[in-house]
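The structure presented is a predicted model; accordingly, all values stated were derived computationally and were not measured.
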Amino acid sequence: MTSMPQMLTALREEDPAFDKVITVQRVERGEVVASPEAMASHMYVLMSGKVNLLCTNNEGRRLVIATLEPGAIFGEGALNGVSDPNVFAEAAEDCQVWVIPRSEARNMTMQYPILGWGMLQTYGMRLMQVENSLEDVAYKKLPERLAALLIELDEDGSGVIKGVSHQALADRLGTYRETVSAILRDFKRQGLVELGYRRIKLLDVEALREIGGVWEW
């Protein structure tokens, strides 16, 4: 999906009709990209950054059900009129999204097949993430899942994870912040991590990989 933003940018520059219906929205990390109501009335194209789709229960507990990367298209409620009232989108990083109103979304998807293609790719990616999460919940305990998540978040291999709170980790794992904090303190006692404000340094990556069942092939 990495080429999707480039293709859409070129399309917008070449086609005034496409450009006319697009509204550009820039959102900072931690801010809401789209409320449940907005997800039902607009289609969104993620052009840069990352977005988490989250759901909440009656107690206000949050769960990240998908993490979307550039090229993802979401807000399918704008096409079929069906949307989950408990799901909303939040910026995992500073991001830019294009917003298409419901009145134009269906026609745009039919006129520009790249939008439908992007939505299908997004569905596939979200399904894969859900399957992986279900497998982890079924077969791994929370410390194992947290260790694997820390390895995943160390995207550049520097061993330093910045800008991620304990609450954000809890949202990814579907648990409570206090539980995550307790596990991280245990990791710290074992010499696996060093903790700071919105900063986690991985001191023993190989040990974390072993705990999380993450192997390099």
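Closest heavy-atom contact between P36 and F88: CD-CB, 3.7 Å. Among all heavy-atom pairs drawn from G71 and P5, the shortest one is N-CG, 3.8 Å. Between I65 and C55, the shortest heavy-atom contact is CG2-SG, 3.8 Å. Here the closest non-hydrogen pair linking P70 and S48 is CG-CA, 4.0 Å. Considering every non-hydrogen atom in both R172 and L153, the closest pair reads NH1-CD2, 3.9 Å. Shown here for F187 and P143, the closest heavy-atom pair between the two residues is CZ-O, 3.5 Å.
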From CA spacing to verdict: salt bridge (Lys or Arg N to Asp or Glu O under 4.0 Å), R145, E152: CA-CA 10 Å; R145 293 168 58 203; E152 177 187 337; over 6 Å; no

Evaluate the criterion side chain to side chain contact (heavy atoms under 4.5 Å, CB included) for residue pair I114 and L8; output intermediate values, then yes/no. CA-CA 8 Å; I114 189 174; L8 287 170; 3.8 Å; yes

Using the side chain to side chain contact (heavy atoms under 4.5 Å, CB included) rule, take L68 and L53 through it: C-alpha gap first, then chi angles, then the decisive distance, then the call. CA-CA 8 Å; L68 307 181; L53 297 184; 4.0 Å; yes

Apply side chain to side chain contact (heavy atoms under 4.5 Å, CB included) to L115 and M43, showing your working. CA-CA 10 Å; L115 295 175; M43 187 166 73; 4.1 Å; yes

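Looking at I100 and I22, their side chains come closer than 4.5 Å, going by heavy atoms from C-beta outward. V87 is not listed as a side-chain neighbour of T56, based on a closest heavy-atom distance of 4.5 Å or more. Side-chain contact check for V193 versus L208: some heavy-atom pair is nearer than 4.5 Å. Under the 4.5 Å side-chain criterion, counting only non-hydrogen atoms from C-beta, L54 is not in contact with L63. Taking the side chain as every heavy atom from C-beta outward, V97 and V45 never approach each other to under 4.5 Å. In this structure the side chain of L11 never reaches within 4.5 angstrom of the side chain of T9, judged on heavy atoms. Within the 4.5 Å cutoff, no side-chain heavy atoms of V180 are placed close to those of Q167. Between C95 and L46, the closest side-chain pair of non-hydrogen atoms falls below 4.5 Å.
Note that CG of L142 and OG1 of T179 are 7.0 Å apart. Values are rounded to the nearest 0.5 Å. Atom NE2 of H166 is separated from atom CG of D171 by 13.0 Å, given to the nearest 0.5 angstrom. In this structure, CD1 in I73 is found 10.0 Å from CH2 in W98, a value given to the nearest 0.5 Å. Taking CG of L192 as the start and CG of L150 as the end, the distance is 9.5 Å to the nearest 0.5 Å. Atom CG of L146 is separated from atom CG of L169 by 6.0 Å, given to the nearest 0.5 angstrom. Atom CG of D156 and atom NZ of K162 lie 8.5 Å apart (nearest 0.5 Å).
L79 and M110 are members of different hydrophobic clusters when ILVMFWY side chains are connected at heavy-atom separations under 4.5 Å. Cluster membership for I151 and L184, using ILVMFWY side-chain heavy atoms within less than 4.5 angstrom, is shared. In the hydrophobic cluster analysis, where Ile, Leu, Val, Met, Phe, Trp and Tyr join through side-chain heavy atoms closer than 4.5 angstrom, M4 is grouped together with Y123. Residues M108 and M7 are members of one and the same hydrophobic cluster, defined by side-chain heavy-atom contacts under 4.5 angstrom among Ile, Leu, Val, Met, Phe, Trp and Tyr. Hydrophobic cluster membership is shared by F74 and M125, with clusters built from Ile, Leu, Val, Met, Phe, Trp and Tyr side chains linked at under 4.5 angstrom.
Ring geometry, F18 versus Y112: the interplanar angle exceeds 60°, so the pair is classed perpendicular (tilted spans 30 to 60°).
Within 6.0 Å of the CD atom in E210, the count of heavy atoms belonging to other residues, nucleotides or ligands does not exceed 12.
In this view, E144 satisfies the salt bridge (Lys or Arg N to Asp or Glu O under 4.0 Å) rule with no residue, not counting sequence neighbours. Shown here are the salt bridge (Lys or Arg N to Asp or Glu O under 4.0 Å) partners of D154, two or more places apart in sequence or in another chain: there are none.
Pairs passing the salt bridge (charged side-chain N to carboxylate O under 4.0 Å, His left out) check and including a residue from residues 15-41, sequence neighbours excluded, read R12-D19. Annotation: salt bridge (charged side-chain N to carboxylate O under 4.0 Å, His left out) contacts involving residues 85-106, sequence neighbours excluded, comprise R62-E90. Residue pairs that meet the salt bridge (charged side-chain N to carboxylate O under 4.0 Å, His left out) test with at least one member in residues 191-204, sequence neighbours left out, are E194-R199.
Other members of the hydrophobic cluster containing V130, listed by chain and number, are L134; membership follows side-chain contacts under 4.5 Å among ILVMFWY residues, whether direct or relayed.
The closest donor-acceptor contact from the side chain of Q25 to the backbone of V99 lies at 3.5 Å or more, if one exists at all.
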